[in-house]
There are 2 protein chains.
Amino acid sequence: MASIPAQAPHAQRKSDRTRQAVLDAAARLFARRGYAGTNLSDVAAEAGIKTGSLYYHFDAKDELVYEVLRFGIAHSFEHARAAVDALGPHASAGPQLRAAIEAHLASLHDLGDYALAGLRIVEQAPQPIRRNQYANQRRYGEYWQTLLERAQSEGILSAGVDLLALRLFLFDAMNGTVTWPASAQRSSSELADQLMRLVTRA
Amino acid sequence: MASIPAQAPHAQRKSDRTRQAVLDAAARLFARRGYAGTNLSDVAAEAGIKTGSLYYHFDAKDELVYEVLRFGIAHSFEHARAAVDALGPHASAGPQLRAAIEAHLASLHDLGDYALAGLRIVEQAPQPIRRNQYANQRRYGEYWQTLLERAQSEGILSAGVDLLALRLFLFDAMNGTVTWPASAQRSSSELADQLMRLVTRA
DNA sequence: GTCTATATAGAGATAGAC
DNA sequence: GTCTATCTCTATATAGAC
C-alpha cells in the first residue's frame, strides 16, 4: 500500500530519506502485525538498513509508533478542515459536511498504511502515546460534532436523529473503508455521495 | 468487560471451568494488547493458574486465538439468523433487517472482549487462523447481502443506493459501537432504530 | 550514517514431580 | 490438573569500529 511523506518534500537530506523509509516500513508492519508483533529487525530490513542503525534515527520503538499515529490523525484533520474552509465563511452546512466527508475519505486513502496503523494499533501502543492519540481523536471528533450540529440546525438531517450516535456511526463507516475488499473500492467522491444519502434527509 | 461462556453451561467439570477462564482472560488481553503483545504468563495469571498449566488445556498460543475468534463470529451469526427466523417465513424485509441489526448489536454486547478481540486482532493472527476467520466473515457478509437485496426489492431503501457499499458501511457502523465511549452507550434497540433511520427511506 | 557484535531480558514451550 | 524448573529462541537496545 502506498504512503505519503511524513516530512516536507524539501527535507531530503540523506538522513531524512532514510528516516522516512523507516517510518513507512514501520507503518506497514504495525498495520499488519500490531505493535508488539512488529520487530525492529524487519522494519530495518524493509528500510534497507541494519537493526542497529535504526537507533541513529529513533531512540526507541515507542518513538516510531508515536510518529506513525500522530501523523495520521494530523493529516486527516488538516485536510478535512482545509476542505471545509475552502468553501468560504458563508457556506451552508450541507456542502460543508459533504466536503469534510470526502476530504476525510481521501485523506485515509492518501495515508495508506499510516491510516491502517492508526486505526488498528492505538490500544496496543504504550500508555502515554495512547493517551495522546485519544486526545487528538477527541479534538477531531469535536470538530465533526460542530459540523453536524450546524447541519441539524439547518434542517438537513432527519428529525429525531441522535447526533452523537450519528457522528460515531459516520466515523466508523468512513474509517472502515480502508479495509474494504478490492472488489468494493470506490472513489472518495462516490463514497461521500453514498454517505450523504444516508446521513441527510432525502 | 463481561464475557459469556464459550461452552455450553452444563459442561462444568473443573477442566472446563479452567479452560473457560483461560479463554476469557485471553480474549480480554488480546483485545487490549494484540496477539503478539499478549503473553501467556499474563493469561495464565488472570485465569488463576501458572504458565506451564496452560498447556494442559491448549497445545499452543495459536489455539487460544483460534477459539476466541471463531466463537465471536459464530455467536453473532447464530443470533442474527435466529432473530430473523423468529419472524417467520412470511415476514417482510423491513422487520427482518431491523431484527438482524438489533440482534447483531446485542450479540456484540454479549460477546464483550470476544467481540473486541475479533475486531482488532484478525490481521495479527497466524495465517491459517486469519484465513479461516476471513472465510467465516465472508459467509456472514453474504447473509447480510441477501437481507439487503430483499429490502431493496421491496423498495424500503432509497433509490440508487450502492448495496455493497451500504452493507460495508452498516457493518462497520455496527461493529464500531463496541469501542464507543461510555457517554455514548445506548441500548441495542435504540441503536437499531437510529441505524434503520439512516438505512431505510424516510 | 551505517556497520558488526553483544548484553540483557522475556517470550513460548517442554519435562517430570506431585 | 497444576506445579516448578528449564530449554531455546528472539526481541530491544547498546558499544564501538569504520
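A note on names: the letters A, B, ... follow the listed sequences, proteins ahead of strands, and every chain is numbered from 1. Only heavy atoms go into these numbers, but all of them, side chains included; no hydrogens, no water, no symmetry mates.
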- request: Output every pair passing ring pair (Phe, Tyr, Trp, His ring centres under 6.0 Å) with a member in residues 46-66 of chain B, not counting sequence neighbours, ordered by first then second residue.
  value: none

- prompt: In whole Å, what is the span from the CG atom of A:L64 to the C1' atom of D:dA11?
  reply: 15 Å

- request: Return the set of residues passing salt bridge (Lys or Arg N to Asp or Glu O under 4.0 Å) with A:E78 (not counting sequence neighbours), or none when no residue passes.
  value: none

field: Working for salt bridge (charged side-chain N to carboxylate O under 4.0 Å, His left out), residues B:E123 and B:R130
entry: CA-CA 6 Å; B:E123 294 83 10; B:R130 195 167 66 239; over 6 Å; no

- prompt: To the nearest Å, how far apart are A:R33 CZ and D:dT10 C1'?
  reply: 14 Å

- prompt: Are any of B:T18's side-chain N or O atoms less than 4.0 Å away from OP1 or OP2 of D:dG1?
  reply: no

field: Sequence neighbours excluded, every pair satisfying ring pair (Phe, Tyr, Trp, His ring centres under 6.0 Å) that has a member inside residues 20-50 of chain B
entry: B:F30-B:Y35

- prompt: Rounded to whole angstrom units, what separation is found between the CG atom of B:L54 and the P atom of D:dT4?
  reply: 13 Å

Kindly list each side-chain donor-acceptor pair under 3.5 angstrom involving residues 81-96 of chain B, sequence neighbours excluded, with atom names and distances?
residue, atom, partner, partner atom, Å
B:Q96, OE1, B:R150, NH1, 2.4

statement: With B for base contact, S for sugar-phosphate-only contact and - for none (protein heavy atoms under 4.0 Å), nucleotides 12-18 of chain C reads SBB----

- line: Between NZ of A:K14 and C1' of C:dT2 the distance, given in whole Å, is 7 Å

- request: For the side chain of A:K50, starting at C-beta, report the closest nucleotide among D:dG1, C:dG1, C:dT4.
  value: C:dT4

- prompt: With sequence neighbours excluded, what pairs up with B:R167 under the salt bridge (Lys or Arg N to Asp or Glu O under 4.0 Å) test?
  reply: none

field: Interatomic distance where OH belongs to A:Y56 and C1' belongs to D:dA15 [whole Å]
entry: 17 Å

